[in-house]
Amino acid sequence: MNLRFTRFTAWLFTRSLLLLAVLITFIPFLWLVAASFKSNEEFFRSTFLPMREGSWAVDWSRLTFDAYQRLFVEVDFGRGLINSIFLSSVTGVLATLCCAMGGYALARFNFKGRGFCTALVLAAVLIPGPLLLAPGYQLLYNLGLLDSFAGLILPAIAPAFGVFLFRQAVMSAVPTDLLEAARIDGAGEWRTFMVVVLPLVRPMIGTFLMITFLGVWNNFIGPQVVLQSPEKFPLSVAVAELKRGYYSDYGLQMAGTVVSILPVMILFLLMQKDFVSGLAAGAVKG
Amino acid sequence: MSAKAVAIPASSARSSLAPWLFLSPFLICFGVFTVYPLIQAVLLSTQTTFGPGATRFVGANNFVALFRDPLFWKACSNTLIYTLGSIFIQLPLALGLALLLESPNLRGRSWLRLVLFSPSMVGVVFAAMMFGLIFEKRTGLLNQLLHGTLGIVGIEWDLDFGWLQQHVMLGLIVASLWMYVGFNMTFFAAALQNVRKDLVEAAIVDGAGPVSRFWNVTVPAIRPVAGFVVLMSVIGSFQLFELPYIMFSSSAGPDNRALTIVLYLFQNGFEVGDLGYATAIGWALAVILVGCTMVQRLLARGEEASA
């Protein structure tokens, strides 16, 4: 009896704490979504969704698309959405290709300078990004790349940690014999890479595409520093501009934030399996 | 690890140029956008600039000024408080959640893991926007919830309470908890797989209670990952910028109470236009972070040696 009681208490204890954690995770975002459909006066009348007088039914008629309409018609937020999609996908694809190439070279070629290049990749992880902010800005100024997408994409196409991740992936997934076999069959180096190596490191390609896509989508300081023309701003900067320009228009800010978060959440839910496991496995091994 | 053991046949058929061609995008990009700016960072830190074009040599003056700059020390202490807050509140919560997820016969374990991890996918800018709205006076979620729930027990909560004005650091830490507890939990959850079941059973047979089992079996097993997670949190926390900058509407908060090191760097470099002074702040940050990394590696090595 006593044991059963303790077990039940433990069960109740763990489940309620986990429930609490889930609620805390969801509530801010659910509130944001609900509030983004409310009119300005409605903010003061209800916390989540507007209710009918004296009942528990939601009064849908008091919700409005007004904020979203203003967001896309008046503020031209769609432009930011397109810019974000463009920057994230282009950078993601280029970075994945360049890092896979570099990682493959470090993992499966014997050449003078391999040790040096590997050390370079490992050392690069130590350099904090903010240190390069001012000199990087000066460099882009001298190259004439300020206020251009190229100024954002080019510095991001071959991050050292990506080369490192692909080096690990190639080492564990690409057998040397297979490369030899491809070579005996007369496949050139590039063909071997494309046909033999890339398919074998597919899980890492998915994970890394996702990491880069998210990284660019969520990056604020880069575009904030590099870009000047509002029509080039990605969502991260555009949403901050909403807070500057429309500081008392909460509906607009909420709608803008929802539009910025939602695509990423959908993408994450579609790709989550490889991503979370890949990330954790990589961290424990590294 | 395995690659070093596997000898790579140095077949003459393979072009010696091929690895360099494969590495060339990385090497060019790294050379132009990392090595060159790194060298420039040394030079820039000895200059005063007015925008990116006009510069003047000032020697070590930037660093001398930095040490005497009360705002820099304020930024350092704010950043340190935030970092300590994130380590001592965030990581125990993350470990606790990971342990809760290990509880036997838990249904929907992977779903829970996914849900708790998901906030870390939300960019800092967007989370900062959201929490800025949550902490807002009158229309914000927090004040409305407090007003509603405390109202039931007869306490009148002031809807106009200014969280962002009164409790600057609290706001930042709460937002970062929402973003990163689940993220760090994932690493602890992976580490808990290293806990040896036979040791746990032996401890139970020896009559060790849950607390003693935690300290003597679980903690030693997750220590390496914990060291890594602490280091990551320190590095991330010291680079805090977007959260305060956005939450306090492109400012450092009331009375600079949300001023962080990188925010101060940003203000100097891109609002004042002195890239030299900004770079000096960047070097100070680099020294702190590389120092932390060295300390963690030494500690980890010492543990391996003694184990």
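Reminder, nothing fancy here: chain letters follow the sequence lines and each chain counts from 1.
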- Given Gln253(A), Gln224(A), Lys243(A), Met254(A), the one with more heavy-atom pairs under 4.5 angstrom with chain B than any other is Lys243(A)

- Compute the centroid of each ring, for Phe22(B) and then for Phe26(B), and state whether the two points are separated by less than 6.0 Å. no

- Residue Val262(B) versus chain A: region with a heavy atom under 4.5 Å: side chain

- Query: For Leu112(B), is it the side chain, the backbone, both or neither that has a heavy atom under 4.5 Å from a heavy atom of chain A?
  - Reply: side chain

- Item | Max heavy-atom pair count under 4.5 Å with chain B, selected residue of Tyr141(A), Trp190(A), Phe29(A) | Tyr141(A)

- Message: Can you tell me which portion of Phe126(B) sits under 4.5 Å from chain A's heavy atoms? Options are side chain, backbone, both or neither.
- Response: both

- Non-hydrogen side-chain atoms of Phe30(B) and Val35(B) separated by less than 4.5 Å: yes

- Please look at Val229(B) and chain A and tell me whether the side chain, the backbone, both or neither of the residue comes under 4.5 angstrom of a heavy atom of that chain. neither

- Task: Specify which of Leu140(A), Val237(A), Val225(A), Val121(A) makes the most heavy-atom pairs with chain B at under 4.5 Å.
- Result: Val225(A)

- Portion of Ile246(B) that has a non-hydrogen atom of chain A nearer than 4.5 angstrom: both

- Task: Sequence neighbours left out, what passes side-chain contact (heavy atoms from CB on, under 4.5 Å) with Glu102(B)? Give chain and number order.
- Result: Leu192(B), Gln193(B)

- Message: Heavy-atom cut-off 4.5 Å, strictly under: side chain, backbone, both or neither for Thr257(A) against chain B?
- Response: side chain

- Name the option with the most non-hydrogen atom pairs under 4.5 Å to chain B; the candidates are Phe13(A), Tyr247(A), Tyr137(A). Tyr137(A)

- Message: Please classify the contact between Val163(A) and chain B as side chain, backbone, both or neither, with a heavy-atom cut-off of under 4.5 Å.
- Response: side chain

- Task: Count the heavy atoms of every other residue, nucleotide or ligand shown that sit under 6.0 Å from CZ of Arg244(A), and state whether that count exceeds 12.
- Result: yes

- Nearest heavy-atom contact between Met265(A) and Ser118(B) is CE-O, 3.1 Å

- Name the region of Leu44(B), side chain, backbone, both or neither, that has any atom closer than 4.5 Å to a heavy atom of chain A. side chain

- Leu267(A) side chain reached by Met121(B) side chain, heavy atoms, under 4.5 Å: no

- Item | Proximity breakdown for Leu38(B) and chain A, heavy-atom pairs closer than 4.5 Å | both

- Check the angle between the aromatic planes of Phe135(B) and Phe131(B) and answer parallel, tilted or perpendicular using the 30° and 60° thresholds. tilted

- Note on the structure: Smallest heavy-atom separation, Ala182(A) atom then Thr192(A) atom, equals CB-CG2, 4.0 Å

- Task: Using atom types as modelled and distance alone, determine if a side-chain donor or acceptor of Thr49(B) lies under 3.5 Å from a backbone N or O of Leu275(B).
- Result: yes

- Looking at Val22(A), Leu18(A), Ile157(A), which has the largest count of heavy-atom pairs under 4.5 Å with chain B? Leu18(A)

- Message: Atom OH of residue position Tyr36(B) - does it have more than 12 heavy atoms of other residues, nucleotides or ligands inside 6.0 Å?
- Response: no

- Structural part of Met247(B) lying under 4.5 Å from a heavy atom of chain A: backbone

- Go through the atoms of Leu27(B) and report whether side chain, backbone, both or neither lie under 4.5 Å from a heavy atom of chain A. side chain

- If one checks every heavy atom of Thr55(B) against chain A at 4.5 Å, the contacting part turns out to be side chain

- Message: Shorter than 4.5 Å, heavy atoms on both sides: which option in Val122(B), Leu101(B), Leu97(B), Leu133(B) has the most such pairs with chain A?
- Response: Leu133(B)

- Query: In terms of heavy-atom pairs under 4.5 Å, which option from Ile24(A), Val264(A), Ile221(A) contacts chain B the most?
  - Reply: Ile221(A)

- Can you establish whether the number of heavy atoms outside Arg297(B) located under 6.0 Å from its atom CZ is more than 12? no

